[in-house]
Amino acid sequence: MDLTDDSDDMAPIPLSQRAMVNRSAPYLEGLNAAQRAAVETLDGPVLLLAGAGTGKTRALTTRIAHLLMLGKARPGQILAVTFTNKAAREMKERIARLLGEVVEGMPWLGTFHSISVKILRRHAELIGNGELHLKPSFTILDTDDQVRLLKQLISAENLDEKRWPARQLAHLIDGWKNRCLTPAKLPKGEAMSFDGWGGRLYQAYQDRLLTLNAVDFGDLLMHCVTMFQAHPDVLKQWQERFRYILVDEYQDTNVAQYMWLRLLAQAHQNICCVGDDDQSIYGWRGAEVGNILRFEKDFPGAQVIRLEQNYRSTPEILSAASGLISANAGRLGKTLWTEAEPGEKVRLIGHWDSEAEARWIGEEIEAFQGGHRAAIGRVSLNDIAILVRASHQMRAFEDRFMTIGLPYRVIGGPRFYERQEIRDAMAYFRLVVSPADDLAFERIINTPKRGLGDKALQTIQTVARQNGVPLLEGARVVIEEGHLGGKGLSNLRDFVAGVGRWHADALDDRENHVGLAERILDESGYTAMWQNDKSPDAPGRLDNLKELVKALEEFDNLQGFLEHVALVMDRDEGEAAEEVSIMTLHGAKGLEFPVVFLPGWEDGLFPNQRAMDENGTKGLEEERRLAYVGITRAERLATISFAGNRRLYGQWQSSMPSRFVDELPPEHVEVLTPPGLYGGGYGAAMAFAGANAGTDMHNRAAHADVYNSPGWKRMQARATERKAPVQRKSITIDAEPAARFAVGDRVTHARFGEGAVMGIAEDTLTVQFDSGGFKNIKAAYIQPIGGTDDVPF
DNA sequence: TCGGATCCGATTTTT
DNA sequence: TCGGATCCGA
């Protein structure tokens, strides 16, 4: 990447184009009043509250086009931030379309991370710890490398991996960096995390990153913010550059991103944040709804524009979703409306078990294909989505659809660049391009098996450290000085010689990098490793490797490819075939489908038990927003379902319909009679009871009486005689101080059973359950044994 | 060093 | 149930 050339950023729009704008602005036609205001209120802070399906992306991209056309800013002076690469790509395409491909790209339209990288590369030397400084060529560590590095540091401190798992530490560090905090600045309770080792390991980790000239994802944002804070002159330069700032999905910003934005927006104050507090579903990874709620305080004089006309869904779907979300407190409040023709009510159906649920949905989809639903019209499989809360729910559908031969695609599985074989191959390329990449070296030194295990690696590491050189260099010394013997030695010699040879070839301009990549994989024996592998997925992996090599064609050299992959970890989504989409609710955000199935609405699964245990009312509300997101994905028909019994971890568990079912406004919901329950309540009830009796007798939850659940009663009542539904207030559990507990107390939890309190932090208890394992749970969900406190559970 | 046996734990996931 | 991490014997 060229670090100095700004000419592209600053290219003005050709005069002729601007002249055209003065005559007319065709892209403004067809916008409603609110959208138009969102586009034309250009100066000063703007908060755009855009409900689901209200044309937010259109408003946002038109706004950018308008800025350019009016000559308010050149492309290089507009900062537009998204959360995913996909969103950034889509925005670029839309802008190009609006402008008739006038503007050559938007250099500062991208994700928080990709933009931070561009900024950091120009000021890398300002980041450091006094002795060591980052170099502009720094590499970006992904989560996998991050964890491996932490593992090393943990064992270097002689800590037990079991008690202090690297993954958990990585998660903690992420959380700190999300908030631009170092362990020293953490609030009291948190500072002790990882048993007091957190701070020390954090320091060691950051130092190690500097030595490796690497940053992790969290650093990208945090370094930017700290750098801006420490160097006002640099900050000023960037503030002046970005005359207009736009932020998509503002409700998903975390504290670090919020600080980053505030710093950059301070000079011009032309910041337009677009978001929907009702669609904030990423609290668990650091998103702060508070950012959107206090926008007006942060930017005094901010204009708030609401986009409330929905263009996506039928009135029934919209009303059902609105009714549900109204149970949440502290919303900014929007009233979505639509001019769309009435359609079908949201359908609700209960099933005996998860298999029946999958079977029924499969049959429904087949019926659509047969064109049996005139009200909806012809539906292609691509128009249908099944949105689940947890990915383990997907299996039932995959199994069923496989048997009946219904084509489906699972969206969101392991990404292309996260697959083992791809990461291995990438490590080879990384090592060839930068021989000092120790993490890459460690990953592939014994892949394929070269008889170089832990012992050999340790020897190399020791020698490398003694000589102060990278591992590859250390390996050379090991060979020369003969610290290793036998087969390992000769294999190591071949490996080191190979890397040296490929490295030289990579520097040779005449060598084609695609051919080189192929040769690396062949000569190293990596391809052969999978060819000899008998497992059923080996052929697929070989295909993936071929695809990887093919992807290289689009780049000038290996270096450029690696730079791209570190940040843009996306793969092509084959849209060619007719397939039903199966994905998680989180994965469905921002998408829309004519027909949507929402299975698994059972208490414990959705709302998810753990979300409620760990975050109390807050967690429940986030689950409810997730339900809202789910329903609002549907354009014409939404079908919610729940199952009385579900196989979880190989055991049958029965559960009650979700409390969200009770919160749906009855007038917009049609209750369907489950297929197995024709012929009267008794037979059906017996079937249910039988299923319950057959489950684990020791599991108290298994005996929960499905028929006493309000959701179920209501279903029965309405299916037979259309009585007014039993209205139940949703259970709200206020965060309760943990004061009534002390460490060592015996306690009980509705799901996990009995245990002992091991730690207390604010209103959260760490409990070791007799069934094994620690859990962090809000005190409100825990009952002291022998106590009389009434816990609503 | 490597492979098979065994034990453990199990949301959501982008960059 | 199933995938992984870990343990242990050859």
Please give, in whole Å, the distance from B/dT15 C1' to A/Arg89 CZ? 14 Å

What I want to check is whether the side chains of A/Gln653 and A/Gln651 have a donor and an acceptor closer together than 3.5 Å. no

Without decimals, in angstroms, what is the distance between A/Met583 CE and B/dT13 P? 11 Å

Measure from the side chain of A/Tyr649, starting at C-beta and using heavy atoms only, and say which of B/dT11, B/dT13, B/dT15 lies closest. B/dT11

Is it true that a side-chain atom of A/Lys118 and a backbone atom of A/Pro107 form a donor plus acceptor pair closer than 3.5 Å? yes

Verify the contact: side-chain N or O of A/Ser391 to OP1 or OP2 of B/dT12, cut-off strictly under 4.0 Å; return yes or no. yes

Applying side-chain contact (heavy atoms from CB on, under 4.5 Å), run through A/Glu592 and A/Thr632 and close with a yes or a no. CA-CA 8 Å; A/Glu592 54 186 22; A/Thr632 53; over 6 Å; no

Which of parallel (below 30°), tilted (30 to 60°) and perpendicular (above 60°) describes A/Trp284 and A/Tyr282? tilted

Whole Å only: how far is the CG atom of A/Asp252 from the P atom of B/dT13? 14 Å

Each nucleotide N or O in nucleotides 2-8 of chain B that has a protein N or O under 3.5 Å away: list the pair and distance.
residue, atom, partner, partner atom, Å
B/dC2, OP1, A/Gly451, N, 3.2
B/dC2, OP2, A/Asn446, ND2, 3.0

Per atom distances to the A/Thr584 side chain, the nearest of B/dT13, B/dT15, B/dT1 is B/dT13

Identify which nucleotide among B/dT1, B/dT15, B/dT11 has an atom closest to any side-chain atom of A/Thr143, counting heavy atoms from C-beta outward. B/dT15

Output the single nucleotide from B/dT11, B/dT1, B/dT14 whose closest atom is nearest the side chain of A/Lys455. B/dT1

Identify which nucleotide among B/dT15, B/dT11, B/dT12 has an atom closest to any side-chain atom of A/His586, counting heavy atoms from C-beta outward. B/dT12

Side-chain contact check for A/Asn608: nearest option of B/dT1, B/dT15, B/dT11 is B/dT11

Against the side chain of A/Ala456, the closest entry in B/dT1, B/dT14, B/dT15 is B/dT1

Have A/Ser116 and A/Trp260 got a donor and an acceptor in their side chains that come within less than 3.5 Å? yes

Are the side chains of A/Leu591 and A/Met583 in touch, meaning some heavy atoms are under 4.5 Å apart? yes

When you check the phosphate oxygens OP1 and OP2 of B/dT15, does a side-chain N or O of A/Asn85 lie under 4.0 Å from one of them? yes

Roughly how many Å is it from CG in A/Asp174 to P in B/dT13, rounded to a whole number? 16 Å

Any donor-acceptor pair under 3.5 Å from A/Ser280 side chain to A/Asp276 backbone: no

Is a side-chain donor or acceptor of A/Asp603 paired with a backbone partner of A/Met656 at a separation under 3.5 angstrom? no

Provide, to the nearest angstrom, the distance between the CG atom belonging to A/Asn178 and the C1' atom belonging to B/dT15. 11 Å

For a quick check of understanding: with a heavy-atom distance under 4.0 Å over all strands, which category does A/Glu623 fall into, base, sugar-phosphate or nothing? base

Can A/Trp284 be called stacked on B/dT12 when the rule is centres closer than 5.5 Å and an angle between planes below 30°? yes

Nearest-Å distance, NZ (A/Lys589) to P (B/dT11)? 22 Å

Base, sugar-phosphate, or nothing: which does A/Arg167 touch, judged by heavy atoms less than 4.0 Å apart? nothing

Would you mind classifying the nucleic acid contact of A/Asp454 as base, sugar-phosphate or nothing, using non-hydrogen atoms under 4.0 angstrom? sugar-phosphate

Expressed in angstrom and rounded to an integer, what is the separation of A/Phe217 atom CZ from B/dT14 atom C1'? 8 Å

Ignoring hydrogens and geometry beyond distance, is the side chain of A/Arg389 in donor-acceptor contact with the base of B/dT12 at under 3.5 Å? yes

For A/Ala611 and for A/Arg285, find the nucleotide of DNA chain B with the closest heavy atom, then tell me which residue's nucleotide is more 5'. A/Ala611

What about the rings of A/Phe660 and A/Phe606, do their centers lie closer together than 6.0 Å? yes

Using whole Å, what does the distance between atom C1' of nucleotide B/dT11 and atom CG of A/Leu605 come to? 9 Å

A/Ala390 has its side chain closest, among B/dT1, B/dT13, B/dT11, to B/dT11

